[in-house]
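Here the structure is laid out as structure tokens; the discussion comes afterwards.
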Amino acid sequence: MFVRVRMAPSPTGFLHIGGVRTFLFNWLFARHHGGEFRLRIENTDTSREVAEAVDQIQESLRWLGLDWDGSVTFQLDRLDDCRRAAEQLVADGKAYLDDGAIRFRMPNEGVTAWDDAVRGRVEFPNDSLEDLVLVRGDGRPTYNFASPMEDVWDGITHVIRAEDHISNTPKQINIIRAVGAELPVYAHVPNVNGQDGKKLSKRHGATGVDEFRKSGYLPDALVNFLALLGWAPDGETTIMSRDELVERFSLERVSSSPAQFDYAKLDWMNGVYMRALAEDEFAHALILWLGEQGYEWDAELVRKTAPLVQEKLARLDEFPAYARFLFEDVEADPADLDGGGPMLAAATAALESLEPFTAESIEAALRAAADGLGLKPRQAFQPVRVAVTGSKISPGLFESIELLGRTQTLARLTRAAAV
RNA sequence: GCCCCCAUCGACUAGCGGUCCAGGUCGCGGCCCUUUCAAGGCCGUCGCACGGGUUCGAAUCCCGUUGGGGGCACCA
């Protein structure tokens, strides 16, 4: 089967995560069948166009690793073709002039129906279809005319789009029939909603691809998560590589009911992907992300710190909270030191001339110090952790101290003990 | 108002008439491990919206109700 699909965003802003899911289904379908995936910008409504949007959309797709075939096309470039097609419909008696606009004559008896690849048969009574404007008074074609015409001209075989287009489909089908072209297969995939079942919007959290990137999600994790919103290969598998998604994807298994976006599950999955990275890949992702976010932290030190936090993070943006103490001076909250004075002193003494100064020897020295005071590890190490890292939550204490170095460690222990 | 779509644990879903007193994953709760936090291991909690049919048999098929969503522009 030859397959050519298209994604047709309008350049009105950042790529919305719900749109990305539809994008992904198109992409998976095309790649699964070894077909083509086109990118088309629907920019006939120039008044709503945002200047940077076209670039941002492409940048987001590149980041997600969703590649398209051929060059990007613009609906506006086919304005004349649309006009000509409309005039032909007028000549054929299938459309008529109305107040300077050209209006399409919809059938008013019977039904318009199609076999939707995800929903099965869908029917619309024709008397509910109004004669729609093909070309506006100012000569610009409308979406419901330009879009199906472009599908025809581009030889699109499958139109895979979100369910809010269902009611446009009978209109577009009638237009395509009127120009005597072959109908594509339509597949209406379910919408993605927010946690309250309502349309996903700002108040639910991140919605733009750029925001997910900023939050420190890995593209592979996001893609895996999105693929599972409205599609499942079986009831068991959740973690799938891109190749596996491509191999297993089919429209038949796309659900017809809407899904809710669950940030908690995304976080879990992102953690799974981060832990699965090789040590240097993880460090690389971290360094890249920190750079994008404007941190000027030493890359070598980040590389050394990475292994200490790899299994603790669900998102890259959690890194600074864990590791800030290695890159900047931090101060301990006296309340958190909680009577740890004796242990702080003992730790200072134990580390002062310890050789070698390694995680292993540090651990041995601190455990001995704790024993000397008759303290349980839990009680003993917490004040040290707070003094050294400035936080009750940190990477492994001994590794952290080794990385921080003797000088800094002693300085922080002394300062905390003085409080 | 009219048209269309949808309906299994809190969430994502498996289930396409018997193998389901409904399985997996996230979340949640508990326990274990443990220098904190995570991670990991084990156990557990929670669901077929409702009412009628069809059938020997229904989560699965049909009808209705209710509930949710989408659309009805010279927006896309």
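Reckoned from all heavy atoms, side chains included, excluding hydrogens, waters and symmetry mates. Predicted, not measured: the structure shown is a model, and the values here were computed from it.
Across all strands, Arg161(A) comes closer than 4.0 Å to no nucleic acid atom at all (heavy-atom distances). Note on His165(A): a base of the nucleic acid sits closer than 4.0 angstrom, heavy atoms only. Heavy atoms of Pro9(A) sit nowhere under 4.0 angstrom from any nucleic acid atom. As judged by a 4.0 angstrom heavy-atom cut-off over every strand, Glu123(A) is placed among residues touching the sugar-phosphate backbone only.
Residues that satisfy the side-chain contact (heavy atoms from CB on, under 4.5 Å) test with Asp138(A), not counting sequence neighbours, are Arg136(A), Arg140(A). Applying the side-chain hydrogen bond (donor to acceptor under 3.5 Å, both in side chains) test to Asp333(A) and every residue at least two apart in sequence or in another chain returns nothing. The side-chain hydrogen bond (donor to acceptor under 3.5 Å, both in side chains) test applied to Trp289(A) returns no partner, not counting sequence neighbours. With sequence neighbours left out, Ser394(A) forms a side-chain contact (heavy atoms from CB on, under 4.5 Å) with Arg385(A), Thr389(A). Here Val72(A) pairs with Leu39(A), Ile41(A), Gln58(A), Trp68(A), Phe74(A) under the side-chain contact (heavy atoms from CB on, under 4.5 Å) rule; sequence neighbours left out.
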Quick one, give me the B/S/- string for nucleotides 36-48 of chain B, reading 5' to 3', where B means a protein heavy atom under 4.0 Å from the base and S means that only happens at the primed atoms, P, OP1 or OP2. BBBSS--------
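Contacts of residues 278-289 of chain A with RNA chain B (heavy atom under 4.0 Å): none. Taking a 4.0 Å limit (strictly below) on heavy-atom distances, residues 218-233 of chain A reaches RNA chain B at Leu228(A), Leu229(A), Gly230(A), Ala232(A). Contact check of residues 95-111 of chain A against RNA chain B (heavy atom, cut-off under 4.0 Å) returns Asp98(A), Asp99(A), Ala101(A), Arg103(A).
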How far apart are the C-alpha atoms of Arg38(A) and Met7(A), what are their side-chain angles, what is the distance that settles it, and do they pass the side-chain contact (heavy atoms from CB on, under 4.5 Å) test? CA-CA 6 Å; Arg38(A) 299 278 186 89; Met7(A) 194 60 201; over 6 Å; no
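The separation of G23(B) from C62(B), taken at their C1' atoms, amounts to 27 Å, rounded to a whole angstrom.
We find that CE of Met240(A) is positioned 12 Å from C1' of G24(B), with the value rounded to whole Å. The interatomic distance linking Ile166(A) (CD1) with C5(B) (C1') rounds to 5 Å, in whole Å. In this structure, Asp234(A) atom CG and G23(B) atom P are separated by 16 Å, rounded to whole Å. Look at CE on Met149(A): it is 16 Å from P on A76(B), rounded to the nearest Å. As a whole-Å value, the separation of Asn193(A) CG from C12(B) C1' is 13 Å. Rounded to an integer number of Å, the gap from Gln195(A) CD to G27(B) C1' is 11 Å. Here the P atom of nucleotide C3(B) and the CD atom of Glu163(A) are 19 Å apart, to the nearest Å. If you measure from atom CG of Asn126(A) to atom P of C72(B), you get 18 Å, rounded to the nearest angstrom.
Pair assignment for A11(B) gives U25(B), based on Watson-Crick or G-U wobble hydrogen-bonding distances that are each under 3.5 Å. Using N1 to N3 plus N6-O4 or O6-N4 for Watson-Crick, or N1-O2 and O6-N3 for G-U wobble, each under 3.5 Å, C37(B) pairs with nothing. When both distances must be under 3.5 Å, the Watson-Crick or G-U wobble mate of C61(B) is G53(B).
One finds no side-chain N or O of Arg40(A) lying less than 4.0 angstrom from the OP1 or OP2 phosphate oxygen of A76(B). A sub-4.0 Å separation between OP1 or OP2 of C74(B) and a side-chain N or O of Arg140(A) is absent.
A ring pair (Phe, Tyr, Trp, His ring centres under 6.0 Å) check over residues 332-358 of chain A, counting only residues at least two apart or in different chains, returns nothing.
With the nearest nucleotide of RNA chain B identified for both Asp262(A) and Phe398(A), Asp262(A) has the one nearer the 5' end. Projected onto RNA chain B by closest heavy-atom contact, Glu236(A) and Asp131(A) fall at different nucleotides, the more 5' of which corresponds to Glu236(A).
Side-chain atoms of Ser400(A) and Pro395(A), non-hydrogen and from C-beta on, do get closer than 4.5 Å to each other.
Side chain of Asn26(A) to backbone of Thr22(A): a donor-acceptor contact under 3.5 angstrom is found.
Under the 6.0 Å cut-off for aromatic ring centres, Phe25(A) and His32(A) do not qualify, their centroids lying 6.0 Å or more apart. Two rings, from Phe212(A) and Phe14(A), have their centers 6.0 Å or more apart.
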Listed pairs under 3.5 Å, donor-acceptor, residues 361-376 of chain A side chains, sequence neighbours left out:
unit_1: Ser361(A); atom_1: OG; unit_2: Pro356(A); atom_2: O; d: 2.5
unit_1: Ser361(A); atom_1: OG; unit_2: Thr358(A); atom_2: N; d: 3.0
unit_1: Ser361(A); atom_1: OG; unit_2: Thr358(A); atom_2: O; d: 3.0
unit_1: Ser361(A); atom_1: OG; unit_2: Thr358(A); atom_2: OG1; d: 3.2
unit_1: Glu363(A); atom_1: OE2; unit_2: Arg367(A); atom_2: NE; d: 2.9
unit_1: Glu363(A); atom_1: OE2; unit_2: Arg367(A); atom_2: NH2; d: 2.9

Between side-chain atoms of residues 98-105 of chain A and protein atoms elsewhere (two or more places apart, or another chain), which donor-acceptor pairs fall under 3.5 Å?
unit_1: Asp98(A); atom_1: OD2; unit_2: Arg103(A); atom_2: NE; d: 2.7
unit_1: Asp98(A); atom_1: OD2; unit_2: Arg103(A); atom_2: NH2; d: 3.4
unit_1: Arg103(A); atom_1: NH1; unit_2: Asp131(A); atom_2: O; d: 2.8
unit_1: Arg105(A); atom_1: NE; unit_2: Gly93(A); atom_2: O; d: 3.2

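To the nearest 0.5 Å, the span separating CG on Asn43(A) from OG on Ser10(A) amounts to 9.5 Å.
Residue Glu109(A) comes nearest to Asn126(A) through the heavy atom pair O-ND2, 2.7 Å, listed as atom of the first residue, atom of the second, then distance.
Between the side chain of Asn43(A) and the base of A76(B), no donor-acceptor pair of N or O atoms lies under 3.5 Å. For Lys265(A) and U25(B), a side-chain-to-base donor-acceptor distance below 3.5 Å is present, hydrogens and geometry of angles not being considered.
Applying ring-ring contact (aromatic ring centres under 6.0 Å, His included) to Phe225(A) and the options Phe261(A), Tyr273(A), Trp231(A) leaves one that passes, Phe261(A).
Minimum atom distance to the side chain of Glu130(A) is reached by C72(B), of the listed U35(B), C3(B), C72(B).
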